[in-house]
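None of these values were measured; they are calculated from a predicted model.
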Amino acid sequence: MVDLSVKLGQLTLKNPIMPASGTFSEDLSEVLDLNKLGALVAKTITREVRTGNPTPRVCEVRGSMLNSIGIPSKGLAYFLENTLPFFRHYDSPFVASISAGTVDEFAKLCEDISVPGVAAIEVNISCPNIEEDGKAFAMRPSSTLAVMEKLRSATDLPLWAKLSPNTGETAEVAQAAEEGGADALVVANTLLSMAIDVRTRKPKLGNLMGGLSGPALKPITLRMTYQCAKAVSIPVIGCGGIANLEDILEYLIAGATAVQVGTSTFINPTIMTTLVDELAAYAEAEGLADLSSLIGSVRDGEAADQQFLEALS
Amino acid sequence: MVDLSVKLGQLTLKNPIMPASGTFSEDLSEVLDLNKLGALVAKTITREVRTGNPTPRVCEVRGSMLNSIGIPSKGLAYFLENTLPFFRHYDSPFVASISAGTVDEFAKLCEDISVPGVAAIEVNISCPNIEEDGKAFAMRPSSTLAVMEKLRSATDLPLWAKLSPNTGETAEVAQAAEEGGADALVVANTLLSMAIDVRTRKPKLGNLMGGLSGPALKPITLRMTYQCAKAVSIPVIGCGGIANLEDILEYLIAGATAVQVGTSTFINPTIMTTLVDELAAYAEAEGLADLSSLIGSVRDGEAADQQFLEALS
Amino acid sequence: MIHQDMDPASARPEAGLKAFEALCTVKSNTSANDDYRLLVLEAPKHILNCQPGQFFHLLCPVTDQQQPYLRRPMSIYRFDADKGELAFLYKVAGEGTAAMATLKPGELFNVLGPLGVGYTIKPEWQNLLLVARGVGLATLAPLAQEAARLGRKLTAICSARSEAALLSTEHFRSLGAQVISVTDEDGSSSVENLQTLIEGLIGSQGVDAFYTCGSNRLLKLLQELGAKHNIPGEIALEQQMACGLGMCQCCVRPFSQNGEVVHLRVCKEGPVFDLQEAMGW
Amino acid sequence: MIHQDMDPASARPEAGLKAFEALCTVKSNTSANDDYRLLVLEAPKHILNCQPGQFFHLLCPVTDQQQPYLRRPMSIYRFDADKGELAFLYKVAGEGTAAMATLKPGELFNVLGPLGVGYTIKPEWQNLLLVARGVGLATLAPLAQEAARLGRKLTAICSARSEAALLSTEHFRSLGAQVISVTDEDGSSSVENLQTLIEGLIGSQGVDAFYTCGSNRLLKLLQELGAKHNIPGEIALEQQMACGLGMCQCCVRPFSQNGEVVHLRVCKEGPVFDLQEAMGW
Ligand SMILES: Cc1cc2nc3c(=O)[nH]c(=O)nc-3n(C[C@H](O)[C@H](O)[C@H](O)COP(=O)(O)OP(=O)(O)OC[C@H]3O[C@@H](n4cnc5c(N)ncnc54)[C@H](O)[C@@H]3O)c2cc1C
Ligand SMILES: Cc1cc2nc3c(=O)[nH]c(=O)nc-3n(C[C@H](O)[C@H](O)[C@H](O)COP(=O)(O)OP(=O)(O)OC[C@H]3O[C@@H](n4cnc5c(N)ncnc54)[C@H](O)[C@@H]3O)c2cc1C
Ligand SMILES: Cc1cc2nc3c(=O)[nH]c(=O)nc-3n(C[C@H](O)[C@H](O)[C@H](O)COP(=O)(O)O)c2cc1C
Ligand SMILES: Cc1cc2nc3c(=O)[nH]c(=O)nc-3n(C[C@H](O)[C@H](O)[C@H](O)COP(=O)(O)O)c2cc1C
Ligand code: FES
Ligand code: FES
């Protein structure tokens with residue numbers, strides 16, 4: 001048997017495949033065995049109860065989707081009393097995901113959610129920072145650093161910073177998150193997009209704009225994963241558009257230590273466990289003892305055609 | 001007959017459909033009648049002769065493509081002696097596209113290319129600004145403003161600023177371009193992406209990363225078009241992933257006055273003229289006298305389900 | 001890309017699993033009338049433990065012409081565990097259903113289900129009244145079957161644009177239901193006429209529960225009549241879906257429970273809801 | 001999405017147009033041997049004004065399993081304007097060619113062409129020597145046909161892994177070519193053996209021009225022999241393509257012209273280039 005386990009700082013996962021926040025819940029236990037997954041990542045919650053964005057909340061775009069779910073949240077109390085106990089029945093590490101509008105609220109929530117049963121905290125810093133201009137924390141290195149430092153001092157649990165593809169400063173934001181004390185980066189969240197129903201001339205999402213996820217996002221978040229893996233020394237968790245084994249291999253080769261699968265679970269709900277099996281079969285067929293020789297193995301010094309380079313010299 | 005003409009500042013196009021820079025050249029005259037197009041936009045050139053990036057320069061991603069062509073350029077002299085005279089045979093307005101690494105070089109090239117036969121100059125400010133940190137001019141409002149002001153003083157021809165989807169500050173950059181004197185915005189260029197061949201573990205592009213274009217880009221550039229149309233009062237030219245009539249209608253409804261079609265021409269070389277016909281047929285069927293009632297007609301105040309809003313109130 | 005014929009791991013029914021991704025084989029896919037098509041599938045037994053009102057989430061095929069991405073929710077029109085058969089009655093509305101219409105006998109079709117909460121028939125509900133329109137009747141067909149199995153009396157008011165567009169009335173009759181057809185064509189489907197009709201039934205034979213789906217007009221009417229005559233009821237509702245499993249929260253609708261507005265997921269708490277809690281739209 | 005069967009406006013040949021997007025009908029699509037498949041199309045006459053060595057850019061079908069996006073370049077294997085026939089010999093290499101392999105007789109297939117610059121046969125070239133390997137032979141088949149039409153003497157050295165993998169030798173023979181097969185199996189395809197063989201032909205019957213394609217090893221050998229014996233030649237090259245029309249500049253390769261390196265587009269200045277100007281890889 002190939003050893004698929006990967007280390008994310010102090011945390012060891014039995015395999016590198018886990019769900020992406022917001023595309024997974026208790027409900028998936030009705031279709032597959034959650035213990036087969038490397039980790040279990042909850043939907044982002046806020047401290048207070050929230051309704052989320054108006055419907056329609058999803059729409060389809062060519063081969064992918066947009067969503068403007070927002071963060072409907074039953075709040076921290078419900079999470080501690082219901083969600084957490086549910087996941088205690090599984091041995092895959094359970095990861096909470098949190099969000100807040102200000103640095104202090106964020107840190108306080110982080111502290112209050114640092115309870116037994118939570119193996120790591122994913123901090124969704126792709127949400128708007130209402131103290132500044134409403135731009136997400138992860139849009140800028142400075143706001144990323146500020147929030148991460150405060151979060152770091154609020155918990156001893158591993159902190160995963162979830163970055164946004166909407167920023168123009170991916171590497172700088174990644175470095176700020178590392179400097180602020182992140183144990184790992186999740187790269188990345190959805191990309192702000194839009195679709196219009198030409199018949200009614202209304203935006204297809206009740207919130208006008210929403211986040212792109214699914215296969216269309218992959219080349220972008222794969223590029224970000226590569227940039228982040230080059231820029232920081234903490235592990236990177238690739239996320240965006242994963243739909244098959246090849247996608248996972250691309251992320252690992254680009255430098256990701258683990259991956260999150262989101263939208264594809266909506267299309268094929270059992271895909272994550274299928275992918276675990278396929279990854280094991282691949283590693284076996286390639287004669288790999290574990291995944292270490294795969295992770296970060298991109299041959300980026302040899303991408304260009306030799307003929308082209310020689311002709312120039 | 002429906003009047004498909006649109007006004008981009010002082011320039012009137014017979015219809016709003018034109019090619020995107022770098023996806024069109026003299027060669028297309030072998031497959032369709034260029035006079036049917038609203039305008040003809042040349043590949044970006046630099047003053048000096050350049051080879052462009054190493055091969056492989058393109059690859060396929062799920063339902064779209066990446067390119068790292070770079071700006072291979074035969075230079076200004078070749079352009080003035082060969083490209084320009086070729087397009088003089090057509091009555092559709094001819095638009096030059098230019099790029100340079102510094103503000104001064106950019107302005108000088110802009111001045112030198114302001115010759116009869118050039119109806120407008122598209123300035124590809126999505127290219128790296130080598131005077132600062134190598135980030136493209138269009139990544140930041142400040143560098144956008146600086147270069148646009150200088151370009152503005154270098155020519156009396158209409159100036160179209162081509163924005164980048166890589167920035168996190170779309171609206172601010174758009175406003176900076178307008179303030180700097182742009183007559184129109186082209187929204188947008190390609191988005192930095194990556195793909196890896198898992199068999200060889202090499203990046204699929206010789207240049208490691210490249211720009212995403214094609215259908216996957218559309219929800220992103222449509223969102224930018226909407227944001228820009230809201231943020232500025234100069235016309236916006238939508239560009240990104242247009243593959244059919246519905247895509248064009250989405251851009252026009254979102255606020256674009258005209259559109260550019262890029263990658264789709266590689267898939268169906270005659271698509272632009274087909275789309276002109278389809279747009280005319282659509283306008284006719286809808287009983288539109290012209291396109292004015294379509295442009296910017298998005299019902300963005302009514303996107304949310306009434307039931308949802310009422311329940312909240 | 002995830003493929004239509006990728007073998008879903010959970011096709012093997014495992015302990016504790018409730019919904020299954022399964023590959024079915026198309027038996028037939030024919031037009032039922034001008035507007036609707038009937039897709040009949042050969043389906044594995046373990047996915048056919050269904051309740052009336054539940055739905056499946058369908059992975060529509062990808063072709064040169066149609067490239068649907070998300071699954072499409074579809075009510076169960078007929079299920080038969082013994083025969084290993086599952087059927088959907090659908091209307092070609094857009095890309096996904098257009099792709100469904102291209103399915104040919106022998107082809108594979110990936111379905112996920114059964115999903116959601118179906119209709120209830122309480123022991124004390126002997127006289128059931130079903131009022132539906134158009135494709136909504138599809139959702140109610142398995143209810144009629146279940147009512148027949150339980151020996152309840154069922155009256156079905158079937159509403160349509162025209163006599164020709166009336167669907168499933170034969171099906172309802174064959175299940176022993178009393179069928180009343182109303183159409184726009186002859187004006188008999190008007191709210192006033194329906195109100196008279198239903199109050200007549202309440203008076204003559206008695207009605208213990210209402211069942212309906214989809215139409216705001218019918219919802220309002222039955223809510224009023226239910227409140228007035230103290231008759232409980234259920235309604236099946238629709239909403240855009242992504243996961244179909246309760247995970248993504250895109251399919252919520254507002255309901256009024258004890259004077260408070262709550263948002264419930266159509267795929268999980270529904271698609272069938274209490275008639276009086278539903279909110280008009 | 002752009003559809004396979006969208007009617008390409010320029011299917012109507014207009015004045016001055018040279019390349020056409022056209023919908024062809026599949027006549028047959030069968031395996032030619034273990035490695036290669038032969039696709040025969042019914043094609044409109046106006047796209048069949050082809051030169052040997054030119055290619056078409058093919059829009060491969062989209063299915064549940066394969067979703068190719070860009071077109072795929074493929075050399076013309078056979079064209080016949082009178083019969084309205086166009087054929088490609090192809091190897092299933094990846095997504096696009098796998099999708100091509102699913103095409104069934106009667107289906108529509110969108111092709112763009114003819115494209116590029118083909119082989120030249122100068123009037124003074126009487127004895128032609130064609131050396132190719134594997135699918136490369138496909139590119140050279142129309143050349144053999146043209147040579148036959150012009151009454152030139154053609155010798156074809158066909159190289160392959162094994163006797164079984166040898167393709168088209170019958171086709172070449174039927175065109176009156178002298179065919180010499182060499183294989184890896186019996187070692188006859190080695191560079192040394194080829195060199196002896198070709199120098200033998202130069203000595204015995206004389207060679208006025210070389211034609212080859214694809215292989216770096218053959219390129220080097222023929223460049224040396226060409227330089228030594230002052231024999232001109234041409235080579236067909238491949239490169240990743242997007243537009244196929246000369247617009248995108250992705251398909252460039254370096255060539256040495258008068259001591260200078262120039263980058264030429266395989267789709268426009270090629271795919272056939274001067275043998276001595278080509279650079280090894
Ligand atoms: C629980 C449930 C049961 C249903 N049962 C049936 C049935 O038995 N027969 C039938 O014909 N239709 C039924 N529908 C409606 C059916 O799901 C839609 O007609 C179908 O999804 C349209 O897809 P499309 O791609 O053809 O249309 P498009 O308009 O192209 O669809 C675009 C997107 O909108 C969604 N969408 C469009 N209309 C609806 C709708 N009414 N409800 C939910 N999502 C929608 C699609 O799923 C897709 O994601 C049901 C809907 C729900 C929620
Ligand atoms: C002018 C020309 C003529 C050709 N003639 C033939 C022929 O007659 N028969 C034949 O079997 N093959 C021929 N080829 C090669 C053929 O184009 C590729 O095998 C095919 O594109 C592979 O596509 P795929 O999707 O199956 O493979 P994938 O590897 O999945 O393709 C991925 C991408 O790489 C490109 N690509 C892959 N291999 C090549 C290649 N060798 N050359 C150019 N692009 C490539 C594809 O077009 C596609 O864009 C020719 C290539 C060129 C340039
Ligand atoms: C319906 C939906 C809801 C999401 N909700 C959250 C969320 O609550 N918190 C979060 O960090 N990311 C959320 N995401 C983003 C995903 O976690 C993931 O980053 C993104 O979808 C890209 O991955 P994918 O392409 O595999 O889906 C959501 C995505 C979707 C599609
Ligand atoms: C092969 C290729 C080359 C391009 N070259 C240029 C260029 O030289 N200058 C430029 O401004 N944009 C260039 N672009 C970007 C296009 O003009 C366009 O902005 C982008 O492709 C998005 O549109 P599309 O999705 O319709 O292709 C290029 C795009 C492609 C695919
Ligand atoms: S469709 Fe995802 S929660 Fe209902
Ligand atoms: S493929 Fe576009 S220039 Fe050759």
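Of the two parts of A:Leu249, the backbone and the side chain both hold a non-hydrogen atom closer than 4.5 Å to a non-hydrogen atom of chain B. Looking at A:Arg57, the atoms closer than 4.5 Å to chain B (heavy atoms on both sides) all sit in the side chain, from C-beta outward. Of the atoms belonging to A:Asn53, it is backbone heavy atoms, and not side-chain ones, that fall under 4.5 Å from chain B. Interface remark: A:Ser64 contributes no atoms to any contact with chain B (heavy atom separation under 4.5 Å). Both the backbone and the side chain of A:Ile220 come within contact range of chain B, each with at least one heavy atom under 4.5 Å from a heavy atom of that chain. Residue A:Gln307 does not touch chain B at all, counting heavy-atom pairs closer than 4.5 Å. Contacts of A:Val198 with chain B are made by both backbone and side-chain atoms, with heavy-atom separations under 4.5 Å.
With respect to chain A, the highest number of heavy-atom pairs below 4.5 Å among B:Ala304, B:Ala216, B:Ser193 belongs to B:Ser193. Between chain B and the options A:Lys202, A:Met224, A:Arg201, heavy-atom pairs under 4.5 Å are most frequent for A:Arg201. With respect to chain B, the highest number of heavy-atom pairs below 4.5 Å among A:Leu217, A:Leu212, A:Leu192 belongs to A:Leu192. Between chain B and the options A:Thr200, A:Leu309, A:Val61, A:Leu205, the largest number of non-hydrogen pairs under 4.5 Å is found for A:Thr200. Chain B forms the most heavy-atom pairs under 4.5 Å with one residue out of A:Ser68, A:Gly206, A:Pro219, A:Gly168, and that residue is A:Pro219.
A:Val2 is not listed as a side-chain neighbour of A:Asp290, based on a closest heavy-atom distance of 4.5 Å or more. Annotation: side chain of B:Thr170 is in contact with side chain of B:Arg223 (closest heavy-atom distance under 4.5 Å).
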Derivation and outcome, side-chain contact (heavy atoms from CB on, under 4.5 Å), residues A:Ile125 and A:Leu163: CA-CA 7 Å; A:Ile125 56 173; A:Leu163 306 192; 4.2 Å; yes
Stepwise side chain to side chain donor-acceptor pair (under 3.5 Å) check, B:Ser213 with B:Thr263: CA-CA 6 Å; B:Ser213 66; B:Thr263 309; 2.6 Å; yes
Worked check of side-chain contact (heavy atoms from CB on, under 4.5 Å) between B:Leu279 and B:Leu4: CA-CA 8 Å; B:Leu279 182 60; B:Leu4 294 185; 4.1 Å; yes
Candidate pair A:Ser264 and A:Ile242, rule side-chain contact (heavy atoms from CB on, under 4.5 Å), full reasoning: CA-CA 7 Å; A:Ser264 285; A:Ile242 291 176; 5.6 Å; no
Derivation of the side-chain contact (heavy atoms from CB on, under 4.5 Å) call for B:Tyr226 and A:Met209: CA-CA 10 Å; B:Tyr226 174 78; A:Met209 301 184 223; 3.6 Å; yes
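For the residue pair A:Thr55/B:Asp305, the side-chain donor-acceptor check at 3.5 Å is satisfied.
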